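Basis for what follows: all heavy atoms, side chains included, without hydrogens, waters or symmetry-related copies. Being a predicted model, the structure only gives us computed values, none of them experimental.
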Amino acid sequence: MAAPCKALDTELVVLLVDDERDLREAIAHDIHLRGATVLEADGVDSALAVLAERKVDVIVTDVRMPKRNGLDLLATVRRGQGDQPAVVLMSGFAEIPLWDAYDRGADAFFGKPFLPEALFDRVRRLARPSAQNWSVDPGPAAAEVNLTFPNGEVVAGATGFTIGRGGMFLGLMRRDLRVGVLIGFKLTVGDAPTALQGKGLVRWVRNLPESGLAPGCGVEFSFLEPDICARLSERLAKTRPLAFIPKGPKLATP
């Protein structure tokens with residue numbers, strides 16, 4: 001789960017990792033102007049040295065770096081420290097499918113160039129408890145999904161939903177489910193008395209089977225009904241899944 005919410009932005013500690021000094025310093029300066037403490041590292045080894053000495057709330061790291069890259073840093077942090085701190089990946093290249101990045105434990109992904117205020121808003125959100133973020137209704141949804149799955153979270157290896165610590169894979173393809181769209185959802189499993197109900201942002205879409213994975217989309221939770229939020233937060237605290245948004249199931253083979 002996400003780190004405890006900071007009372008003030010000045011208490012927010014961000015580790016920024018990028019081998020391009022000018023770009024790193026520009027991003028660090030912008031984050032600092034917004035009130036956070038920024039630590040800098042020019043690569044994975046120096047980042048790990050910082051983490052050995054300091055507790056940080058969010059790591060923002062470039063993916064493409066010499067020797068060891070941002071994915072190596074993500075993997076090392078997740079092996080050693082579980083789901084904390086939050087890790088934001090940024091890149092100007094397509095080294096990895098978005099569903100793979102979120103499934104490996106990345107909490108967010110920014111393609112370069114990006115708006116500095118968007119990055120900081122995301123960093124600040126990731127420093128709060130998930131339950132706090134999920135308690136604020138973001139407004140009207142652009143699409144609605146209301147489904148019942150008879151046999152559990154994943155049905156027939158291709159349709160259904162799988163929950164991560166920040167969102168879900170939804171095995172459903174519709175034209176109105178596009179990246180960036182806010183959807184409302186109500187998902188019921190069998191004759192369960194309660195449904196997974198709330199709103200979320202579509203973060204990625206996989207239109208066709210790829211690498212044996214079923215088509216579908218990745219949805220980050222934006223809002224959950226209060227009772228669902230409490231139950232899901234309790235479940236995630238026990239299971240502590242690595243994936244922020246799961247990449248979805250493998251297709252069943254004949």
Side-chain angles (χ1 to χ4, degrees), residues 1-6 9 11-20 23-24 27-28 30-31 34 36-112 114 116 118-130 133 164-169 201 203-204 218 220-221 236-237 239-247:
M1 302 296 288
C5 183
K6 305 305 171 193
D9 286 340
E11 299 176 357
L12 178 62
V13 181
V14 178
L15 172 58
L16 179 61
V17 189
D18 198 317
D19 62 305
E20 296 185 33
L23 179 59
R24 184 182 73 243
I27 297 174
D30 192 86
I31 294 175
R34 285 171 164 79
T37 297
V38 185
L39 310 175
E40 297 183 42
D42 61 3
V44 174
D45 292 339
S46 57
L48 294 176
V50 171
L51 292 172
E53 299 292 334
R54 292 287 302 272
K55 180 178 180 181
V56 306
D57 300 298
V58 182
I59 300 170
V60 179
T61 179
D62 190 24
V63 173
R64 180 171 290 195
M65 294 183 291
K67 296 181 181 179
R68 303 173 69 188
N69 61 33
L71 298 175
D72 296 325
L73 177 59
L74 171 65
T76 301
V77 169
R78 290 291 172 257
R79 281 197 305 268
Q81 299 177 246
D83 55 12
Q84 289 302 314
V87 178
V88 177
L89 299 178
M90 55 182 182
S91 179
F93 304 90
E95 288 99 344
I96 183 174
L98 283 178
W99 52 80
D100 224 3
Y102 283 107
D103 189 75
R104 293 188 191 192
D107 299 77
F109 186 94
F110 279 81
K112 295 178 180 179
F114 50 80
L119 174 63
F120 184 73
D121 286 346
R122 191 80 173 105
V123 165
R124 184 166 49 188
R125 179 179 175 88
L126 289 172
R128 299 170 182 153
S130 297
N133 289 323
R165 57 187 172 84
M168 63 180 172
F169 166 81
L201 276 171
R203 290 297 185 187
W204 55 260
E220 181 181 352
F221 296 140
L236 294 177
T239 60
R240 300 183 70 87
L242 173 68
F244 189 77
I245 301 174
K247 62 183 177 182

Is the closest side-chain heavy-atom distance between Lys112 and Phe114 below 4.5 Å? yes
Is there side-chain contact between Lys55 and Val13, with heavy atoms separated by less than 4.5 Å? no
Quick one: do Arg203 and Asp107 make a salt bridge, cutoff under 4.0 Å? no
Closest heavy-atom pair, Pro246 versus Trp204, reported as atoms and distance to 0.1 Å, is O-CZ2, 3.5 Å
Any side-chain heavy atom of Val17 sitting closer than 4.5 Å to one from Val50? no
Determine the sole option in Leu51, Leu16, Val56 for which the side-chain contact (heavy atoms from CB on, under 4.5 Å) test with Leu39 is passed. Val56
Does the side chain of Lys247 reach to within under 4.5 Å of the side chain of Pro97, using non-hydrogen atoms? no
Is there a side-chain contact between Arg24 and Asp42, using heavy atoms and a 4.5 Å cut-off? yes
Do side-chain atoms of Asp72 reach the backbone of Asn69 as a donor and acceptor pair under 3.5 angstrom? yes
For a 4.5 angstrom cut-off between non-hydrogen side-chain atoms, does Arg68 reach Leu48? yes
Report the residue from Val63, Asp100, Val44 that forms a side-chain contact (heavy atoms from CB on, under 4.5 Å) with Leu71. Val63
Minimum heavy-atom separation for Ala108 and Leu126, please, with both atom names. CB-CD1, 4.4 Å
Asp57 and Glu11, any side-chain heavy atoms less than 4.5 Å apart: no
Taking 4.0 angstrom as the limit, do Arg125 and Asp121 come out as a salt bridge? no
Any side-chain heavy-atom pair of Val123 and Val60 under 4.5 Å: yes
May I ask you to decide whether Asp19 forms a salt bridge with Arg64, counting only side-chain N to carboxylate O separations under 4.0 Å? no
